[in-house]
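Throughout, protein chains are lettered first and strands after them, A, B, ... in sequence-line order, and every chain is numbered starting at 1.
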There are 2 protein chains.
Amino acid sequence: MKIAKELGYRKNTVAMDLVKQRADEIAVIINATPTNFSNMILSGIQQRANELGQRVIILYAGNRNTDMQHQAITTALERSVSGILLLAIEPDEVDLDLLRESRAPFCFVSLYLGYKQILSISSDNKKLAYQATEYLIRHGHTQIGFAGIDDYHTGSQRVLGYQNAMRDHGLTSNPAWIKKGDYSYESGRRLLSEFLPLDVTAIIAASDMVAVGLLNAAQKKKISVPDQLSIVGIDGTFICEVTTPPLTSVTQDFHEIGVRSVDKVLGKDVKTFVPTKIVERGSVREIN
Amino acid sequence: MKIAKELGYRKNTVAMDLVKQRADEIAVIINATPTNFSNMILSGIQQRANELGQRVIILYAGNRNTDMQHQAITTALERSVSGILLLAIEPDEVDLDLLRESRAPFCFVSLYLGYKQILSISSDNKKLAYQATEYLIRHGHTQIGFAGIDDYHTGSQRVLGYQNAMRDHGLTSNPAWIKKGDYSYESGRRLLSEFLPLDVTAIIAASDMVAVGLLNAAQKKKISVPDQLSIVGIDGTFICEVTTPPLTSVTQDFHEIGVRSVDKVLGKDVKTFVPTKIVERGSVREIN
DNA sequence: GCACTTTGTGTAAACGTTTACAATGCTAAT
DNA sequence: ATTAGCATTGTAAACGTTTACACAAAGTGC
């Protein structure tokens, strides 16, 4: 060891990986759109991977660009990674075929496809939306909007939870109360005016960013939050703390999602769903 | 090629890297503290790396943890990466020795050590602070605070720019007007009260997060921004748009910093400093 | 002191490519 | 028909490890 140090010897990981037929690294495939929570998940992934002696390699898959998604998966397979993590990636059939044919384990992160046999770590979106809706109902709201969700898995799961909660509490939900979007600030800003004629007293935002968009649009129209309109966000990122009023939000444990996804993809038996919780701040009013 | 496809042949990148004595990948060493701009830089890095056929591997270096920094650099050297990018990393002597002894090119990103011979891509912090200070002076401010900077390279460069601007405009700057911190929201919140007895009319925040901290603390104390206190942020992240009032901020082009750092580390001759610009929003008042 | 187990040392093959070079086949010019 | 030049094909070494195995040395129990 002394001589090795003197000679400045440095092990060659590439040669090691070759002979071992497997690289101690985890590939994370990620959308180019940098959501403000993806780095929280990444930090969880990184931390756990570090503990387990795995490196992390990141592959961008563009912006819902199918070609780049295939490319990213292929790149991951060409190095013999010990696992592939797909971060908020909606796979198409080609993606799934590529993954299934490979011998590398893979796990979807922050997205649940609905198949038990495909590894996944995520919040339970149905439960999450149910939670948010029920929270508003308990605070006396009966006309509740839902803003900014998409048409993919996450969005539809949340709609289901919202509808179930309404139904379970004997409320009829107007389909027009559900407004699609893309989880962005801009979505929220744009959608507020569409809610005004509908007389909802509260809106669930598909993300914190949508919530802030709604909030700012409301302030511009001199609609007071929460006095005239209640808003609850989803995600619980730091932005909830810095708005006025601060945003009540269903908080996802992104760090834990990251940590657990590493365990899952490496074969440990961990629960698919990571619990969420409501953090009350100042954007919801109690109605009598 | 047809038969290769039939057989499901997939090239083995690891074997390629071994024989080529060089992996087509760039290692990015990054602090664990996920600043809201690091993913913008990363996205620039990723984009450019993709164009040049380089993969990106991310290595976390903990939180100003020297051991983990050495570890991360060593890990990068053990695979024969084509370049090492150090993202907002303050190196110690050991780090620099490790890097210099290796044959891999390295480049500091969003940090300028002050040595011409060490590759670096960053905003010109001196100029940036000068810009912010001069902007406030042109708006009639003479008592200008500076909040939240650290004692490392970036912080001291900014202080220099601030002091130069004051001096060049014949203003004396009270050393107490400079308050150290760590670029965080919490820093800003805490520091506001320290400024109150000093009668400054404007504060430059070391980051947008500090600016929001100052803003929220001011609102809590019923101090109106910008009427009673002007604030200018640094970074120009999306958070500037969503506060009330929106934050005037010196905007850094993080994406471009990322793009350029890839070019730089791969040997292209690109400029070290990426220009910044003031984006006027609503947090600065004109004083007569 | 013998057989046996344990520990240590040395050797060689393997991992899947690239690359340099030799050998072969072909084309075209003399 | 001969040969130089060129393209194509085949062969073998190399990259730096791990791992399996043979063999020697040392230790153990009877």
### Query
How would you list all residue pairs meeting ring-ring contact (aromatic ring centres under 6.0 Å, His included) that involve residues 84-115 of chain A, not counting sequence neighbours?
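As it turns out, the ring-ring contact (aromatic ring centres under 6.0 Å, His included) pairs with a partner in residues 84-115 of chain A, which skip direct neighbours, are A:Y112-A:F273.
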### Query
Is B:R100 salt-bridged to B:D95, cutoff N-O under 4.0 Å?
no
### Query
Can we say A:D124 and A:R158 salt-bridge, meaning some charged N sits less than 4.0 Å from an Asp/Glu carboxylate O?
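No, A:D124 and A:R158 are not salt-bridged.
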### Task
Note the angle between the end axes of the helix from C:dG1-D:dC30 to C:dT30-D:dA1, five pairs defining each, rounded to 10 degrees.
40°
### Task
State the CG-CG distance between A:L59 and A:L85, to the nearest 0.5 angstrom.
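That separation rounds to 11.5 Å.
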### Message
Test: salt bridge (Lys or Arg N to Asp or Glu O under 4.0 Å). Region: residues 110-123 of chain B. Which pairs qualify, not counting sequence neighbours?
### Response
none
Acceptor/donor pairs from residues 234-241 of chain B side chains to any protein atom, 3.5 angstrom cut, sequence neighbours excluded:
| residue | atom | partner | partner atom | Å |
| --- | --- | --- | --- | --- |
| B:D235 | OD1 | B:Q252 | NE2 | 2.9 |
| B:T237 | OG1 | B:N36 | ND2 | 3.4 |
| B:T237 | OG1 | B:D208 | OD2 | 2.7 |

### Smallest separation among heavy atoms of B:V81 and B:A104, with atom names
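Heavy atoms only, the tightest pair is O-CB, 4.1 Å.
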### Task
Please state whether the phosphate of C:dA14, meaning OP1 or OP2, lies under 4.0 angstrom from any side-chain nitrogen or oxygen of A:Q21.
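Indeed not, no polar side-chain atom of A:Q21 lies that close.
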### Message
B:E51: which residues meet the salt bridge (Lys or Arg N to Asp or Glu O under 4.0 Å) condition with it, sequence neighbours left out?
### Response
B:R48
For nucleotides 17-20 of chain C, print each protein N/O atom paired with a nucleotide N/O atom at under 3.5 Å, atom names and distance only.
| residue | atom | partner | partner atom | Å |
| --- | --- | --- | --- | --- |
| C:dT17 | OP1 | B:Y9 | OH | 2.7 |
| C:dT17 | OP1 | B:N12 | N | 3.2 |
| C:dT17 | O5' | B:Y9 | OH | 3.2 |

